[in-house]
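For the numbers below, each heavy atom of this structure counts, side chains included, while hydrogens, waters and symmetry mates do not.
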Amino acid sequence: LIPQQRAGALAMASGALQHSRAQVALSVTGIAGPSGGSPDKPVGTVWFGWATPDGVWSDMQRFEGDRAAVRAATLHHSLTRLVALLTPAT
C-alpha cells in the first residue's frame, strides 16, 4: 500500500502541473511541529512530491529540530531535489 501522505504529495504535484502552465511542480505535506505527531508519524516527518513532463517522484524525510528547523530543512530538501531532477545527467 502507498502511504496516504505519499499519495497526497504525488497528487498535489501532478495536479499542480496538469492544471497550470507550470513546467515543474513540487508539493510538501507533513508535520513540522511542535505538536501533531504520532508514533507512526513523528514531528519532522515530511513527504515531498515533484512533477515534470518526464514523470512524478516522491520522497519521505524525517528532520530533527524545532518547527523552524523542520521548515528550513524541508525547503532546502525540496529545492535541492528539484534542481537535481532538472539537471541533465552527464
Side-chain angles (χ1 to χ4, degrees):
L1 291 173
I2 297 176
Q4 180 180 353
Q5 296 79 13
R6 178 176 184 249
L10 290 169
M12 288 188 292
S14 63
L17 191 63
Q18 291 171 3
H19 298 287
S20 71
R21 292 182 172 175
Q23 296 178 1
V24 298
L26 67 88
S27 64
V28 175
T29 183
I31 305 165
S35 61
S38 69
D40 292 337
K41 293 179 283 184
V43 168
T45 303
V46 182
W47 278 92
F48 300 85
W50 298 270
T52 74
D54 295 327
V56 182
W57 299 267
S58 68
D59 183 24
M60 189 274 291
Q61 296 288 315
R62 288 207 172 119
F63 300 118
E64 298 292 326
D66 63 9
R67 182 177 179 82
V70 170
R71 292 178 73 184
T74 297
L75 176 63
H76 182 266
H77 182 74
S78 64
L79 295 178
T80 299
R81 179 75 186 273
L82 180 62
V83 169
L85 288 170
L86 297 176
T87 303
T90 57

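Of the possible polar contacts, one joining the Thr45 side chain to the Pro42 backbone as a donor-acceptor pair under 3.5 Å is found. Arg67 places a side-chain N or O within 3.5 Å of a backbone atom of Gly33 that can act as its donor or acceptor partner.
By the 6.0 Å contact criterion, CZ on Arg81 is enclosed, its count of non-hydrogen atoms from other residues, nucleotides or ligands being greater than 12.
For the side-chain hydrogen bond (donor to acceptor under 3.5 Å, both in side chains) test, no residue two or more places apart in sequence or in another chain qualifies with Thr29.
The shortest heavy-atom contact between Ser58 and Trp50 is C-CZ3, 4.0 Å. The two residues Ala51 and Val56 come nearest to each other via the heavy atoms CB-CG2, 4.1 Å. Closest approach of Glu64 to Val70, counting heavy atoms only: O-CG2, 4.3 Å. A pairwise comparison of heavy atoms in Trp57 and Asp54 identifies CH2-C, 4.1 Å as the closest pair. The two atoms that bring Val43 and Pro34 nearest to each other are CG2-O, 3.8 Å, heavy atoms only.
In the hydrophobic cluster analysis, where Ile, Leu, Val, Met, Phe, Trp and Tyr join through side-chain heavy atoms closer than 4.5 angstrom, Leu75 is grouped apart from Met12. A continuous path of ILVMFWY side-chain contacts below 4.5 Å connects Val46 to Leu26, so both sit in one hydrophobic cluster. No path of Ile, Leu, Val, Met, Phe, Trp and Tyr side chains, each step under 4.5 Å between heavy atoms, connects Val28 with Ile31, placing them in separate hydrophobic clusters.
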Show the atom names and distances, to 0.1 Å, of all donor-acceptor pairs under 3.5 Å that link a side chain in residues 13-20 to residues at least two apart or in another chain.
{"from": "Ser14", "atom 1": "OG", "to": "Leu10", "atom 2": "O", "distance (Å)": "3.0"}
{"from": "Ser14", "atom 1": "OG", "to": "Ala11", "atom 2": "O", "distance (Å)": "3.4"}
{"from": "Ser20", "atom 1": "OG", "to": "Ala16", "atom 2": "O", "distance (Å)": "2.6"}
{"from": "Ser20", "atom 1": "OG", "to": "Ala22", "atom 2": "N", "distance (Å)": "3.1"}

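Atom CG in Leu82 sits 9.0 Å away from atom OG1 in Thr52 (nearest 0.5 Å).
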Quiz item: What's the verdict on side chain to side chain contact (heavy atoms under 4.5 Å, CB included) for Lys41 and Gln5, showing C-alpha distance, side-chain angles and the deciding distance?
Solution: CA-CA 10 Å; Lys41 293 179 283 184; Gln5 296 79 13; 2.9 Å; yes
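Residue Val83 is tested with Thr87, Leu86, Leu79 for a side chain to side chain contact (heavy atoms under 4.5 Å, CB included); the sole match is Thr87.
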